[in-house]
> 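Structure in structure tokens, see below.
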There are 2 protein chains.
Amino acid sequence: MIHQRECPVETVIQVLGGKWKPMILWQLIASKQRFNDLEKLIPDVSQKMLSQHLRDLEREGIVDRTVYPSVPPKVEYSLSEYGKTLIPVAEVMCAWGAAHNKQKNEEKEESAS
Amino acid sequence: MIHQRECPVETVIQVLGGKWKPMILWQLIASKQRFNDLEKLIPDVSQKMLSQHLRDLEREGIVDRTVYPSVPPKVEYSLSEYGKTLIPVAEVMCAWGAAHNKQKNEEKEESAS
DNA sequence: CGGTATCCCTCTAGATACTG
DNA sequence: CAGTATCTAGAGGGATACCG
């Protein structure tokens, strides 16, 4: 499938390539979350970046945003049906990334000995 | 396989996340290339970025750099055996990215009509 | 041929403060 | 609760020039 000059690998990197986007995606794969929940689940993210990344993912059609008109306001973010097509992609990336990290750690231990 | 707080998806994005890295990878999957060949194959890349990205990929063990001590100098870049483990990952990403681009184009055409 | 070195600019992300 | 606005720092990348 890699047969074009403009490789769409870049597309995936753009969609997933914000600092917190993989983490957000991973949390939403587990289950839908409120804004505040995501803030707690991803300790170091700022409100600004969380909001911005969620809006990016929403614009790509990956995340659904549901507003409940209550007081206090309640907003739920969830993986859309389309967003679920990203799960197998994320799994493959995750597997290679985990193996790669493991190998790099082993290299570090070798050089330390 | 997505079952940890620190999702290694980020690792893949870091490894492949330079502006020209997917393109470089794609060219090296096709066949080994000299520095100058890559410059021609990737029209808009600067020498600086090509060099830098190649060094990044080399450090990650994905690309092999072979220097032939001749005059004029000759350097060949090729995908390492380890680097080949990235091919299936790139294929999955490529497939999703292509489908995503296609869908976004269709949306644009709809709104234009 | 196959690079480095330097300068500059833009874009992302963080900190902080404020709001419906 | 769920954001937006503003300012700033730092990394990534481009242009240009030079080198073994």
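Every chain is numbered from 1, with letters handed out A, B, ... down the list of sequences. This structure is a prediction, so every number in the text was calculated from the model and none was measured.
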> Quick one: which of D:dA2, C:dA13, D:dG13 gets closest to the side chain of B:Met49?
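Of the candidates, D:dG13 comes closest.
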> Using a heavy-atom cut-off of 4.0 Å across all strands, would you classify B:Lys74 as base, sugar-phosphate, or nothing?
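Sugar-phosphate contact only.
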> B:Asp56 and side-chain hydrogen bond (donor to acceptor under 3.5 Å, both in side chains): which single residue from B:Gln52, B:Arg59, B:His53 fits?
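Going through B:Gln52, B:Arg59, B:His53 one by one, the side-chain hydrogen bond (donor to acceptor under 3.5 Å, both in side chains) with B:Asp56 is satisfied by B:Arg59 alone.
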> Can you find a side chain N or O atom of A:Ser51 that sits less than 4.0 Å from OP1 or OP2 on D:dT4?
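Yes, within the criterion.
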> Provide, to the nearest angstrom, the distance between the OH atom belonging to A:Tyr68 and the C1' atom belonging to D:dG3.
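Between C1' of D:dG3 and OH of A:Tyr68: 18 Å.
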> For side chain to side chain donor-acceptor pair (under 3.5 Å), just list the numbers for A:Gln33 and A:Ser31, CA-CA rounded to whole Å, side-chain angles, deciding distance to a tenth of an Å, and then say yes or no.
CA-CA 6 Å; A:Gln33 304 286 352; A:Ser31 73; 3.1 Å; yes
> Looking at C:dC1, D:dA2, C:dG14, which one has an atom nearest to any side-chain atom of A:Lys19?
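The closest nucleotide is C:dG14.
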> Whole angstroms only, please: what is the CG-P distance between A:Leu41 and D:dA2?
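Going from A:Leu41 (CG) to D:dA2 (P), I get 13 Å.
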> Between A:Glu39 (CD) and C:dG14 (P), how many Å, whole number?
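Computing the A:Glu39:CD to C:dG14:P distance gives 13 Å.
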> Just the rounded figure in Å: distance from P of D:dC19 to CZ of B:Phe35.
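Computing the B:Phe35:CZ to D:dC19:P distance gives 18 Å.
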> Between C1' on D:dC1 and CG on A:Leu54, what's the gap in Å once rounded to a whole number?
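Those two atoms, CG and C1', are 14 Å apart.
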> Between A:Leu50 (CG) and D:dT4 (P), how many Å, whole number?
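Result: 10 Å.
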> Could you state the CD-C1' distance from A:Gln47 to D:dC1, rounded to the nearest angstrom?
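Going from A:Gln47 (CD) to D:dC1 (C1'), I get 9 Å.
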> Are any of B:His53's side-chain N or O atoms less than 4.0 Å away from OP1 or OP2 of D:dG12?
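The answer is no; no side-chain N or O of B:His53 sits under 4.0 Å from OP1 or OP2.
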> Please pick, from C:dG3, D:dG14, C:dA13, the nucleotide with the shortest atom-to-atom distance to any side-chain atom of B:Arg55.
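The answer is C:dG3.
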> Starting the side chain at C-beta, find the nucleotide from C:dT4, D:dG3, C:dG14 nearest to A:Trp20.
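Between C:dT4, D:dG3, C:dG14, the one nearest the side chain of A:Trp20 would be C:dG14.
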> Does B:Arg34 put a side-chain nitrogen or oxygen below 4.0 Å from OP1 or OP2 of C:dC1?
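So the side chain of B:Arg34 is outside the cut-off, no N or O lying under 4.0 Å from OP1 or OP2 of C:dC1.
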> For the residue pair B:Tyr77 and B:Phe35, does the interplanar ring angle fall in the parallel (under 30°), tilted (30 to 60°) or perpendicular (over 60°) class?
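B:Tyr77 vs B:Phe35 ring planes: tilted.
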> Think B:Lys48 has a side-chain N or O under 4.0 angstrom from the OP1 or OP2 of D:dG12?
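Negative; the distance criterion is not met.
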> Rounded to the nearest angstrom, tell me the gap between atom CE in A:Met23 and atom P in C:dA13.
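It is 16 Å, rounded to the nearest whole Å.
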> For A:Ile87 and A:Leu79, what are the C-alpha separation, side-chain angles and deciding distance, and is it a side chain to side chain contact (heavy atoms under 4.5 Å, CB included)?
CA-CA 10 Å; A:Ile87 296 180; A:Leu79 203 62; 3.9 Å; yes
> Applying side chain to side chain donor-acceptor pair (under 3.5 Å) to B:Asp64 and B:Ser80, what does each step give before you reach the verdict?
CA-CA 5 Å; B:Asp64 285 335; B:Ser80 69; 4.7 Å; no
> Does B:Tyr77 put a side-chain nitrogen or oxygen below 4.0 Å from OP1 or OP2 of C:dC1?
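No, no such contact exists.
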